[in-house]
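Notes follow once the structure below has been shown.
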Amino acid sequence: MQYETVIGLEVHVQLDTRSKMFCGCAADYQTAEPNTRTCPVCLGLPGALPVINRRAVEYTVMTGLALGCRIPEFTKFDRKNYPYPDLMKGYQISQYDLPLAVNGYLDIDGDPATVSGPRRIGVERVHLEEDVAKMQHFPDGDGGVGYSLVDVNRSGVPLMEVVSKPDLRSPEEARQYLVTLHSMVQYLGVSTANMQDGNFRCDANVSIRPLGSDTFGTRTEVKNMNSFRAVYQALEYEVERQRKVIEDGGTVVQETRGWVEERAVTVSQRSKEYAHDYRYFPEPDLPPLNIGPAWVAELEAALPELAPQRKARFQADYGLSEYDAEQLTGSRAMADYFEETLSQRDPSRHPLRDVAKEVANWVYGDLTYLLNQDHRDISVSPVAPAALSDLLGLISDGTLSTSLAKTVLEEMYSAGGAPADIVRERGLAQISDTAAIESAVAEAIASNPKAVADYLSGKETAVRFLMGQVMRITKGQAQPDLAMSLVQEALEAQKS
Ligand code: ADP
Ligand code: MG
Ligand code: ZN
């Protein structure tokens with residue numbers, strides 16, 4: 001039988017606010033010493049009272065607006081009760097029936113293997129809650145229980161949850177949805193959204209059903225994936241596992257499963273909990289929240305440019321191809337880097353279009369290549385936009401050939417330093433002096449009689465070999481066009 005995959009994603013995004021969700025503690029839990037960002041509120045001490053973080057509410061509304069959601073005028077917070085050692089109060093303040101944003105959508109490119117063309121994925125809700133403390137488990141050496149440590153710094157850090165409708169039809173669509181949402185929150189500036197650090201995490205709900213059926217199958221929820229690739233792989237695995245269960249005559253059990261990266265499998269963690277398990281009730285220590293149209297309008301007006309608009313602007317203003325614009329706007333950090341580098345170039349010297357294309361190539365080509373090797377984001381690039389711009393200046397004034405510039409970029413990347421200094425210290429400048437190149441050409445011709453003979457007998461490719469020799473003799477520094485014409489000249493002279 002043919003099956004259709006149904007996926008809905010719940011994405012938790014830590015909001016990049018200065019203070020925590022309901023207290024004045026700093027939210028910089030990742031860099032602070034353990035348990036140094038605590039107070040009676042986030043420790044869950046009796047009698048402590050929460051206060052709503054205005055910025056976190058604004059960030060959530062902004063995200064809702066960017067997702068085309070409706071922002072209800074009236075929302076509230078609720079207590080979600082469950083006992084767990086990382087949950088200091090024994091309940092989490094969350095939002096249950098009246099979230100901050102409802103009924104939006106996110107457009108994705110689409111998976112050619114399922115439905116052709118772009119797809120609009122429904123977003124059910126965006127709500128605001130708080131993160132829990134961080135546990136670290138240390139089993140004893142013999143596989144026994146050992147001990148655990150808890151760091152309360154993360155307790156109470158603002159957490160936004162974006163819940164999709166079950167509209168996704170393949171792991172690839174799920175991956176695209178995540179990548180797009182990830183880029184969106186970074187463009188909005190509401191989260192650093194670093195998946196490795198757990199700032200952006202996803203629970204994936206997945207079920208399968210006979211193709212053509214209009215009722216949903218029983219779903220499982222998969223957790224613990226900390227990269228886009230892991231989400232994709234976990235979903236592929238889970239779809240296949242469910243298909244086998246059904247084809248073997250079994251039934252899929254609604255449960256929570258964990259992705260085990262090392263083994264590339266999902267394993268059962270616990271049976272599914274239901275809303276009534278949580279004994280939700282309105283948080284009595286917080287007032288209901290009235291957002292109101294004026295506040296919403298203010299936030300809407302202040303929304304920054306998002307990836308699709310920026311991509312269109314890059315095409316229109318800089319004459320970049322759709323492909324180039326897409327590459328550059330894939331992350332806000334890269335788009336920012338590109339525009340900053342471009343703004344440092346002297347626009348009076350060359351047509352903007354050419355300069356933009358050149359900068360684009362270096363940013364998402366050579367520089368990204370170096371960054372990827374170290375798994376570094378462009379936002380922490382050791383080569384700053386101004387330095388890259390200086391390097392490109394050395395190409396346009398003839399000091400460096402493109403290939404020498406690549407060598408200089410590598411040096412800038414690994415050891416730092418200004419490009420002009422590197423060129424001077426390492427003697428890398430391009431040789432444009434005719435006499436100097438002529439002597440290299442003479443040397444190449446004198447020591448390669450066979451190549452010369454080949455040329456004279458009509459083998460044109462010998463030119464390229466001799467050109468390579470000239471480059472070797474000049475350590476790659478001969479100005480290529482000049483060297484080429486001098487090689488040809490010298491060979492022609494051999495004919496007579
Ligand atoms: P819960 O809060 O119990 O996890 P929700 O109804 O809020 O349940 O759904 C959570 C997520 O599961 C949503 O993203 C939704 O789209 C998705 N979902 C619901 N039913 C299915 C299903 N049958 N198959 C796949 N995903 C589903
Ligand atoms: Mg769920
Ligand atoms: Zn606190």
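We count ligands from 1, going down the list as the structure has it; atoms in each ligand are counted the same way.
Ion pairing of Arg79 with Asp285 is present here, as a side-chain N (NZ or NE/NH1/NH2) and a carboxylate O approach within less than 4.0 Å. In summary, Glu305 and Arg310 engage in a salt bridge, as defined by a charged side-chain N under 4.0 Å from a carboxylate O.
Ser170 and Asp111 form a side-chain donor-acceptor contact under 3.5 Å, judged by distance and modelled atom types alone. A donor-acceptor pair shorter than 3.5 Å cannot be found between the side chains of Arg70 and Asn103. For the 3.5 Å distance criterion, the side chains of Ser321 and Asp324 qualify, holding a donor opposite an acceptor.
Atoms of ligand 1 lying under 4.0 Å from at least one heavy atom of Gly8, given by number and element, are 14 (O), 16 (O), 17 (C), 26 (N). Each of the atoms 23 (N) of ligand 1 lies under 4.0 Å from some heavy atom of Gly217. The distance from ligand 1 to the heavy atoms of Val163 drops below 4.0 Å at these ligand atoms: 13 (C), 14 (O). Atoms of ligand 1 found under 4.0 Å from any heavy atom of Lys165, numbered from 1 in the order shown, are 16 (O). Shown in contact with Ser164 at under 4.0 Å from a heavy atom are these atoms of ligand 1, numbered in order with element: 13 (C), 14 (O), 15 (C), 16 (O). Counting atoms of ligand 1 from 1 in the listed order, those under 4.0 Å from a heavy atom of Val6 are 24 (N), 25 (C).
Residues Arg201 and Gln14 come closest through the heavy atom pair NH1-NE2, 3.9 Å.
Vertex the Zn ion (ligand 3); arms to Cys39 atom SG and Cys42 atom SG; angle 110° (nearest 10°). Between SG of Cys23 and SG of Cys25, the angle at the Zn ion (ligand 3) works out to 110°, rounded to 10 degrees.
The CZ atom of Phe281 sits 7.5 Å away from the OH atom of Tyr91 when rounded to the nearest 0.5 Å. Distance check, rounded to the nearest 0.5 Å: OH of Tyr3 to CD of Glu240 gives 11.0 Å.
Residue Leu9 touches ligand 1 through its backbone alone, judged by heavy-atom distances below 4.0 Å.
A cation-pi arrangement is present between Lys80 and Tyr278, with the terminal nitrogen or guanidinium carbon under 6.0 Å from the aromatic centre and inside a 45° cone about the axis.
The distance criterion of under 3.5 Å between nitrogen or oxygen atoms is met by Pro166 with respect to ligand 1. Remark: ligand 1 and Phe216 share no N or O pair separated by less than 3.5 Å (distance only, no angle test). Residue Glu124 places no N or O, backbone or side chain, under 3.5 Å from any N or O of ligand 1.
Nearest to atom 8 (O) of ligand 1 by heavy atom, out of Arg219, Glu221, Gln254, is Arg219.
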